[in-house]
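In this chain, residues are counted from 1 in sequence order.
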Amino acid sequence: MKFQNMKISKYILMLALAALSAGVTSCTDYLDKAPNSDIDESVPYQNFRNFQGFVEEMYNRIPVITNNEYHTTFNYGEEDYWEPQELRLFARSVDFGDFWGYTTCYYSYPNTAGFNPGNTKRNKANVWENSWYAIRKCNIGLSKLDQLVDASREERDLIEGQLYFFRAFFHYMIMEWWGGVPYIDYAIGPDETITLPRETWQECADKCAADFRKAADLLPVNWDDTAAGKTTLGNNNMRANKIMALAYLGKVLLWAGSPLMNWDSHSRNNAYAVYDEAYCKQAADALGEALKVTEQTGRYSLLPIDQFNDLTLVYNSKALPGGTETILQENLDGYGGRWGWNMNTDFRPQRHIGAGIKCWPTANYSNYFGMANGYPIEDSAVKDSKSGYDPEFPWRDRDPRFYKTYVIDGEVCGTNDPKEAELFTGGKDREKVNPQKGCYTGLFNAKLCLKIVGEDNVRDGWACVLSLMRLADVYLLYSEAAAVGYGVKQSAPTYGKTAEDALNVVRDRAGVAHVLPQFTDTKDNFLSELRRERAVELAFEGMRFHDLRRWMLITQRPYTLKTAFQFDRGPGFTQNSTENKVFNLREEVLRERNFTSRHYWLPLPNKNDTYLYEGFEQNPGW
């Protein structure tokens with residue numbers, strides 16, 4: 001078996017450079033050194049301040065997701081439809097099954113299209129290289145802990161806890177996209193020959209879990225409550241902490257227990273294309289522990305529904321998006337100016353905002369947003385007496401998050417120069433009127449471009465920052481893990497809430513009725529509703545693609561479809577009304593994605609590079 005380079009040559013170079021930064025010396029006799037220029041290699045690690053400076057770079061390696069170029073794409077499930085003429089987007093490559101696009105497309109996340117000295121945001125979107133670099137630094141740091149002699153027990157625990165957290169976190173970041181890799185848990189020497197084979201996803205997850213558990217045992221709930229954290233009081237919110245480590249511990253175990261990872265870890269034997277209950281129990285225990293500590297301490301809390309859009313986007317605010325709910329965010333590099341003109345342009349038609357790339361939320365995805373009474377929508381074209389859904393009044397009595405996530409026909413966007421959204425078939429904003437930059441789907445995105453945005457006002461001053469982990473997600477992860485591991489009506493021993501209870505916590509915030517009895521009678525029925533809940537709550541936050549893959553649904557209908565609404569306006573139309581009557585509501589397929597099992601993972605980078613050693617295989621099918 002041969003192994004492709006996938007930029008391993010750069011990785012080895014980084015290993016060597018990192019080793020040198022850690023104090024490894026080499027032949028320097030030919031250099032003229034100034035007197036007293038030799039520095040003790042232990043100096044960077046002798047006290048907490050110095051060692052924390054070494055650790056700080058790990059935070060800077062957390063990826064930029066939302067905007068690493070003038071435009072960007074990060075939702076690769078069935079939720080978005082980008083203008084078909086635009087060829088530079090990884091989202092388009094995904095639609096056509098070309099997952100190599102992340103290595104070639106100008107607008108992509110993750111991005112390995114090349115290092116750009118003038119664009120730090122673009123470089124921070126390179127998950128592959130940044131993760132390996134950070135893992136190397138973690139291992140160097142752990143190997144130097146014996147040199148931390150001028151530190152309290154608390155300070156030593158903070159350093160060690162962060163190093164274990166980030167070693168697991170960055171392995172997980174790689175595993176999420178590319179599958180199992182060698183779990184590097186020691187500082188590889190610059191002259192050492194690498195012969196480490198790829199491990200299965202579950203083997204990697206076990207090692208991640210061990211590191212996350214060590215981190216959770218060492219880290220505080222809140223750095224502001226520590227003596228060391230007092231020097232950075234008020235700026236500690238995103239520092240690795242106990243709840244963060246427990247949440248990621250639970251997440252990596254749930255992923256390990258998900259159908260894809262179970263199947264992939266057992267030689268792709270179809271008998272294993274199901275949940276692994278043992279992993280899910282462990283996941284539920286960890287996630288339950290995270291939620292128990294959260295509720296006992298109040299460290300995190302769900303934002304009220306009237307602040308739901310603040311989870312992703314704020315305007316002219318000194319506060320970051322996410323508020324009290326965010327546990328870990330993407331990299332903040334340039335966040336104050338990276339979501340202005342171009343990104344607003346991406347989500348509105350030309351009549352509202354200039355030119356540029358255009359992205360439209362799909363009709364099929366909006367159907368996950370059921371009714372406020374808790375019923376799902378079975379068919380957008382069919383009236384349902386149980387749920388109260390009526391295709392002649394399709395925007396009436398929907399899940400309150402629907403109105404926070406979408407602009408519907410007739411709603412007014414903008415403030416200084418407000419314009420009504422004409423999204424009916426033949427309306428001024430539709431693709432039939434403007435095939436180049438008109439709306440193809442009959443909806444605008446209101447989660448990544450708020451309704452107050454217009455052509456001549458509020459085009460900049462925005463901050464859009466995604467949460468890599470937020471509290472609602474933890475409740476839903478726990479709900480899924482507990483349902484599989486313990487049952488819908490039982491709780492994990494670490495936490496008092498059942499799977500059903502945890503899902504209802506998220507619905508209570510949204511103002512949606514609790515899970516209906518018809519979905520709590522069996523595990524499969526509950527998981528179906530849980531999947532719908534994740535689609536709604538986490539819409540357009542970069543989660544859906546990973547969920548569909550781990551559930552092994554990305555190759556199956558209807559998850560392969562992207563559709564548009566076509567409809568005519570009825571009489572008595574009123575602006576900004578959810579009570580407007582429509583006729584002839586129907587869905588038309590815009591794209592059907594033809595995925596196979598090879599599309600469960602991205603290909604490893606650089607398929608044409610030199611083979612280095614046996615044992616590290618390319619992902620199947622690539």
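Between the CD1 atom of Ile554 and the OH atom of Tyr76 there is a distance of 12.0 Å, given to the nearest 0.5 Å. Atom OG in Ser387 sits 5.5 Å away from atom CE in Met371 (nearest 0.5 Å). The CG atom of Asp206 sits 10.5 Å away from the OH atom of Tyr183 when rounded to the nearest 0.5 Å. Atom CG in Asp521 sits 11.0 Å away from atom CG in Leu516 (nearest 0.5 Å).
With sequence neighbours left out, the salt bridge (charged side-chain N to carboxylate O under 4.0 Å, His left out) criterion links Glu541 to Lys447, Arg470. In this structure, the side chain to side chain donor-acceptor pair (under 3.5 Å) partners of Glu579, at least two apart in sequence or on a different chain, are Arg396. Under the salt bridge (charged side-chain N to carboxylate O under 4.0 Å, His left out) criterion, Asp285 pairs with no residue at all, not counting sequence neighbours. Partners of Lys281 by salt bridge (charged side-chain N to carboxylate O under 4.0 Å, His left out), not counting sequence neighbours: none found. Tyr275 pairs by the side chain to side chain donor-acceptor pair (under 3.5 Å) definition with Glu480, Trp551, not counting sequence neighbours.
Of all the heavy atoms in Gln202 and Ser265, the pair that sits closest is N-OG, 3.1 Å. What you find for Pro394 and Glu392 is that their closest heavy atoms are CD-C, 3.4 Å. Shown here for Gln329 and Leu320, the closest heavy-atom pair between the two residues is OE1-CD1, 3.7 Å. The two residues Cys280 and Gly485 make their nearest non-hydrogen contact at CB-N, 4.0 Å. Minimum interatomic distance between Phe169 and Leu468 (heavy atoms only, all atoms of both residues): CZ-CD1, 4.0 Å. Between Ala472 and Val506 the shortest heavy-atom distance is O-CG2, 3.9 Å.
Side chains of Thr425 and Gln566: a donor-acceptor N/O pair is present below 3.5 angstrom, by distance only. Checking Thr362 against Thr441 by side-chain atom types alone, no donor-acceptor pair falls below 3.5 Å. A donor-acceptor pair shorter than 3.5 Å can be found between the side chains of Glu587 and Thr563.
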- Item | Stepwise side-chain hydrogen bond (donor to acceptor under 3.5 Å, both in side chains) check, Trp263 with Asn269 | CA-CA 6 Å; Trp263 171 78; Asn269 184 334; over 6 Å; no

- Task: Test Asn236 against Arg239 for side-chain hydrogen bond (donor to acceptor under 3.5 Å, both in side chains), laying out the working first.
- Result: CA-CA 5 Å; Asn236 295 318; Arg239 295 194 186 280; 2.9 Å; yes

- Message: Please determine whether side-chain contact (heavy atoms from CB on, under 4.5 Å) holds for the pair Trp82 and Asp95, giving the CA-CA distance in whole Å, both sets of side-chain angles, and the decisive distance to 0.1 Å.
- Response: CA-CA 10 Å; Trp82 289 82; Asp95 278 354; over 6 Å; no

- Task: Begin with the C-alpha distance, continue with both residues' side-chain angles, and end with the deciding distance and a verdict on ring pair (Phe, Tyr, Trp, His ring centres under 6.0 Å) for Phe567 and Phe583.
- Result: CA-CA 6 Å; Phe567 59 93; Phe583 294 127; over 10 Å; no

- Show the numbers, then the answer: is there a salt bridge (Lys or Arg N to Asp or Glu O under 4.0 Å) between Asp409 and Arg569? CA-CA 9 Å; Asp409 181 50; Arg569 279 183 178 175; 2.9 Å; yes

- Message: Is there a ring pair (Phe, Tyr, Trp, His ring centres under 6.0 Å) between Trp177 and Tyr109? Walk through the geometry before answering.
- Response: CA-CA 11 Å; Trp177 292 98; Tyr109 171 78; 5.8 Å; yes

- Task: Please test Tyr478 against Tyr495 for ring pair (Phe, Tyr, Trp, His ring centres under 6.0 Å), starting from the C-alpha separation and ending with a verdict.
- Result: CA-CA 10 Å; Tyr478 170 81; Tyr495 188 48; 5.1 Å; yes

- Where do Arg198 and Glu203 land on the salt bridge (Lys or Arg N to Asp or Glu O under 4.0 Å) test, with the steps shown first? CA-CA 10 Å; Arg198 294 187 68 173; Glu203 287 170 340; over 6 Å; no

- Message: Please evaluate residues Ser491 and Thr498 with respect to the criterion side-chain hydrogen bond (donor to acceptor under 3.5 Å, both in side chains), reporting the C-alpha separation (whole Å), side-chain torsions for both, the decisive distance (0.1 Å), and the verdict.
- Response: CA-CA 4 Å; Ser491 62; Thr498 66; over 6 Å; no

- Task: Show the numbers, then the answer: is there a side-chain hydrogen bond (donor to acceptor under 3.5 Å, both in side chains) between Asn525 and Ser528?
- Result: CA-CA 5 Å; Asn525 284 341; Ser528 175; over 6 Å; no

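Of the charged side-chain nitrogens involved, none lies within less than 4.0 Å of a carboxylate oxygen, so that Glu79 and Lys562 do not count as a salt-bridged pair. For the pair Asp473 and Arg534, the salt-bridge criterion is met [side-chain N within less than 4.0 Å of a carboxylate O]. A salt bridge links Arg509 and Glu325; the closest N-O separation between the charged side-chain nitrogens and carboxylate oxygens is under 4.0 Å. Here Lys207 does not pair with Asp211 in a salt bridge; the nearest charged N to carboxylate O distance is not below 4.0 Å. A salt bridge does not link Lys386 to Asp384: none of the charged side-chain nitrogens sits closer than 4.0 Å to a carboxylate oxygen.
A donor-acceptor pair under 3.5 Å is absent between the side-chain atoms of Asp264 and the main chain of Leu260, judged by distance alone. Put simply, the side chain of Gln490 never gets that close to the backbone of Gly487: no donor and acceptor are under 3.5 Å apart. With hydrogens and angles ignored, the 3.5 Å screen pairs a side-chain donor or acceptor of Asn619 with a backbone N or O of Trp178. For Asp399 (side chain) and Val512 (main-chain N/O), no donor-acceptor pair under 3.5 Å exists by modelled atom type.
Using cut-offs of 30° and 60° for the angle between ring planes, the His599 and Phe595 rings count as tilted. Using cut-offs of 30° and 60° for the angle between ring planes, the Trp339 and Phe74 rings count as tilted. Tyr172 and Trp255 have perpendicular rings, their planes meeting at more than 60° on a 0 to 90° scale where under 30° would count as parallel.
Counting heavy atoms from C-beta outward, Asn373 and Asp397 have side chains that stay 4.5 Å or more apart. For the pair Leu303 and Thr324, the minimum side-chain heavy-atom distance is below 4.5 Å. Counting heavy atoms from C-beta on, the side chains of Arg401 and Ile305 come closer than 4.5 Å. A 4.5 Å side-chain heavy-atom check between Met238 and Leu332 finds every atom pair outside the cut-off.
Screening Glu78, Arg532, Glu537 for a side-chain hydrogen bond (donor to acceptor under 3.5 Å, both in side chains) involving Tyr368 leaves a single residue, Glu78. With respect to Trp360, the ring pair (Phe, Tyr, Trp, His ring centres under 6.0 Å) criterion is satisfied by exactly one of Phe444, Phe540, Tyr81: Phe444.
Under the ring-ring contact (aromatic ring centres under 6.0 Å, His included) criterion, no residue pair touches residues 511-532, with sequence neighbours excluded.
Note that Arg167 lies outside the cation-pi zone of Phe170, set by a 6.0 Å cut-off to the ring centre and a 45° limit from the axis.
Shown here is Tyr272, whose OH atom has no more than 12 heavy atoms of other residues, nucleotides or ligands within 6.0 Å.
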